[in-house]
Every structure is written in structure tokens, then in C-alpha cells.
Amino acid sequence: MLATGSITTISGTKGKQFGKDIYTSLIKFRDLEKFLAVFPQVQRKVDKKRVNLLAGYVLKGLEEGNMSFLTSITATCRGDIFFNDSKQVIAIDTSSQLSINDGQHRFEGVRKAISEIKKEIRKTKAGDTKEHLKEKLSILEDMTLPIVIFANISESEEMQLFHDLNNLAKTPSKSVNLRFNQSNLYIKLAKEVSQENEFLSAYGIDMENDKLSDKNPNFALLNTISNSISFLLLGKNKQDDTFLTSENYQMHKNYVNNAFDNLFTYLPSDITNRKKYLLGRASTLQGICKFIYNAKNKLELQDDVIFKVIEDTEWRHDEVWLGYGGFWDKSNEGITFSGSAAAISSVNKILMDNLEKINQTL
């Protein structure tokens with residue numbers, strides 16, 4: 001429990017690292033502002049978009065079935081701090097401030113999440129809804145954040161601490177982030193289809209890297225499969241949480257699996273040969289999936305027509321692509337585009353034009 005007075009106490013432990021005293025404890029969300037402060041001299045500017053994202057993440061974690069986790073905050077004590085070894089209690093002078101070195105966005109996100117619920121409570125009339133919001137607020141305020149406190153270090157050392165915390169750790173690749181994300185249904189679908197679909201599992205989906213080198217035998221990245229599924233289901237690579245739900249998940253999974261089965265049945269069997277085909281590029285698969293969505297949902301075409309168009313399209317590094325925004329890359333000896341968005345649009349455009357040619361012959 002927190003005590004009031006000239007000294008505030010919290011349970012915790014004490015240790016040393018490179019000659020510096022370190023304290024660890026847990027602080028309830030409702031008490032974070034009593035302890036923690038952000039000093040601009042030793043921190044970057046707060047990114048409001050990131051704060052809003054984290055606040056939403058915190059609030060989403062209150063809903064049943066969702067998983068949310070917040071890691072520890074690292075701070076330095078600007079003032080007096082003591083430790084009672086027999087009672088395992090950290091005592092902090094109330095005039096002292098804990099300067100956040102790592103975790104200011106988590107701190108601000110929690111503050112905003114609490115503020116958002118309080119705002120909803122004020123706007124809501126008395127009744128069950130208001131009581132439910134109060135229960136959520138109580139649960140949220142009682143949650144705790146681990147905190148690591150460095151003591152007796154200078155402002156210059158604080159700057160170095162911020163640098164080391166943010167530069168010694170290696171940021172995981174996007175595919176690795178997706179691989180370990182357990183709460184996003186689109187990503188879950190991409191992982192399951194990558195492992196279970198006969199074609200994708202045979203061609204290989206790389207779940208570690210951000211890029212595929214020429215020596216990489218895999219057909220695509222996990223990120224590519226995730227984006228392609230979004231194009232198949234929504235016609236765009238921006239996910240819609242209201243479209244794919246736990247209730248309709250299996251239905252959409254079956255559709256995606258069938259779409260990939262049809263697609264790879266009509267495409268060349270050696271599509272992993274990126275020197276020969278454009279098919280091994282992320283934007284090509286996404287462009288094809290965008291075409292499938294448009295053909296089925298906007299033009300209401302049957303599968304046999306859709307996949308016949310895909311089968312008859314030139315997927316090799318051919319000059320036909322020069323008329324669709326492509327240009328010849330001498331260094332790689334193949335067709336390339338100005339960017340992913342341009343390539344996706346070009347693939348969709350050539351398929352639509354080929355569809356028109358087929359319609360004209362009928």
C-alpha cells in the first residue's frame with residue numbers, strides 16, 4: 001500500500017548494476033502520476049499518435065478474450081530514495097521525482113485510457129452502463145506496471161541510459177512481430193493458412209525476415225500473406241476489425257484457403273523462380289488478390305473466368321509490363337516498378353485489361 005507523508009513507501013527489491021543502485025517495484029496505474037514525470041532534457045518528444053494507439057490497446061485489453069501486456073518502465077530517482085532490507089520496502093522522499101527514461105508512451109497511454117473511461121462515465125446517465133464503466137475504471141486503476149528505478153545518477157548518465165535502452169535492443173523484423181502477434185485475427189489467419197495450405201506450405205513462407213534475397217528459397221514473407229489476405233477479403237491492405245470476427249473467422253478462412261488453392265493451381269509450378277517470374281514479389285501477389293476481390297465483389301464474375309484470366313496473363317519478366325508502369329532494371333535483369341503501391345495497381349490493371357479482352361471475344 002502507498003503511504004502518505006514526507007516519505008512514500010512501496011514494496012520492492014534492491015540491487016546493483018555497474019556500481020549503480022537499482023530498485024524494482026510494482027506501481028498501480030492510479031498512482032503512476034504520483035511518482036513519475038517526463039523531463040524533456042532526457043526524453044524524445046511524445047508521439048500523440050502512439051499514445052492514442054497505446055490507450056486504445058489498454059482499453060481493448062479490458063474486453064473479454066483480448067490479450068494485452070505492458071512491460072516495465074525504467075526511471076531514475078531525482079532525489080532521496082532509501083531501502084529497508086528487513087521489510088523489503090523502498091522509501092522515496094515525496095519531494096523526489098522519478099524521471100522516466102524508457103516507457104513514457106506506456107505511461108501516457110495508461111493516463112489517457114483512464115481519462116477516456118472517466119470521460120465516458122461523466123457523459124453516461126445513471127444506470128447499468130454507468131456502473132459497468134465504473135467497474136472497468138476500478139479494474140484498470142488497480143492494474144500495476146513493473147518499474148525499474150536507477151538511483152544516484154547524473155542528468156548526463158540519464159541521457160546515456162535513454163540511449164542504451166533504445167539502441168542496444170534490436171528491433172524485431174515485421175514478420176517476427178506478426179508471427180508472435182496473438183490478438184489480431186487477420187494475422188492469425190495468415191499464420192494458419194501459411195502453415196496449413198498445401199501450396200503455401202510447399203512453396204515456403206518466411207516468418208523471420210523483412211525481405212527475400214535471391215538465395216532465399218521461400219516464396220513469400222508472412223507479411224505478404226497477411227496483406228494479400230486483406231486484399232482478398234476487403235480489396236485493400238487496411239484491416240477492418242468489424243469485418244473479420246471470431247464468429248465468421250472459420251468461414252473466411254475456408255474462403256481464403258480455397259482462393260489460394262485455385263490461384264496456385266492456375267499459376268506456374270515454378271513460381272519461386274524470381275529471376276524468371278514477377279510472381280515471387282510481394283506486390284504481385286497482392287495485386288492478384290486485389291483483382292480477385294474486384295472481379296468477385298464488383299463484377300460478380302465466376303471463379304472459372306477469374307482464374308482463367310490469371311492463368312493467361314504473362315507473369316515472366318516480359319516487355320508487356322513496360323506498358324503498365326514497369327521498367328527494365330539492368331542490375332537485376334528484370335521488370336521492376338517505382339514502388340509497391342504502383343506495382344499492385346499495375347498487376348490489377350493488366351488483369352482487368354486481360355479480362356476485357358476475353359469478354360470481347362465472347
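These numbers come from the heavy atoms of this one structure, side chains and all, not from hydrogens, waters or symmetry mates.
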Does the side chain of [X] come under 3.5 Å of the side chain of [Y] through a donor N or O and an acceptor N or O?
X	Y	value
Thr13	Thr24	yes
Glu158	Ser99	yes
Asp270	Tyr277	yes
Arg106	Ser72	no
Asp206	Asn209	yes
Asn197	Glu192	no

Other residues, nucleotides, ligands: >12 heavy atoms within 6.0 Å of Lys16 NZ: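 Counting other residues, nucleotides and ligands, NZ of Lys16 exceeds 12 neighbours.
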
Atom CD of Glu155 with >12 non-hydrogen neighbours under 6.0 angstrom: yes

Step-by-step salt bridge (charged side-chain N to carboxylate O under 4.0 Å, His left out) determination, Glu196 to Lys253: CA-CA 11 Å; Glu196 298 170 13; Lys253 179 181 175 181; 2.9 Å; yes

Salt bridge flag under 4.0 Å for residues Lys112 and Glu108: no

Stepwise ring pair (Phe, Tyr, Trp, His ring centres under 6.0 Å) test for Tyr57 and Phe69: CA-CA 9 Å; Tyr57 174 79; Phe69 302 93; 8.2 Å; no

Treating [X] as the side-chain partner and [Y] as the backbone partner, does any N or O pair qualify as donor plus acceptor under 3.5 Å?
X	Y	value
Asn248	Met251	no
Ser115	Arg111	no
Ser194	Ala190	yes

Ring geometry between Phe199 and Tyr203 (parallel below 30°, tilted from 30 to 60°, perpendicular above 60°): tilted

Parallel, tilted or perpendicular: rings of Tyr266 and Phe307 (30°, 60°):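 Judged by the thresholds at 30° and 60°, the geometry between Phe307 and Tyr266 is parallel.
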
Derivation and outcome, side chain to side chain contact (heavy atoms under 4.5 Å, CB included), residues Phe231 and Ile292: CA-CA 8 Å; Phe231 275 113; Ile292 294 173; over 6 Å; no

Lys188 charged N/C atom sitting above Tyr249 aromatic ring, 6.0 Å / 45°: yes

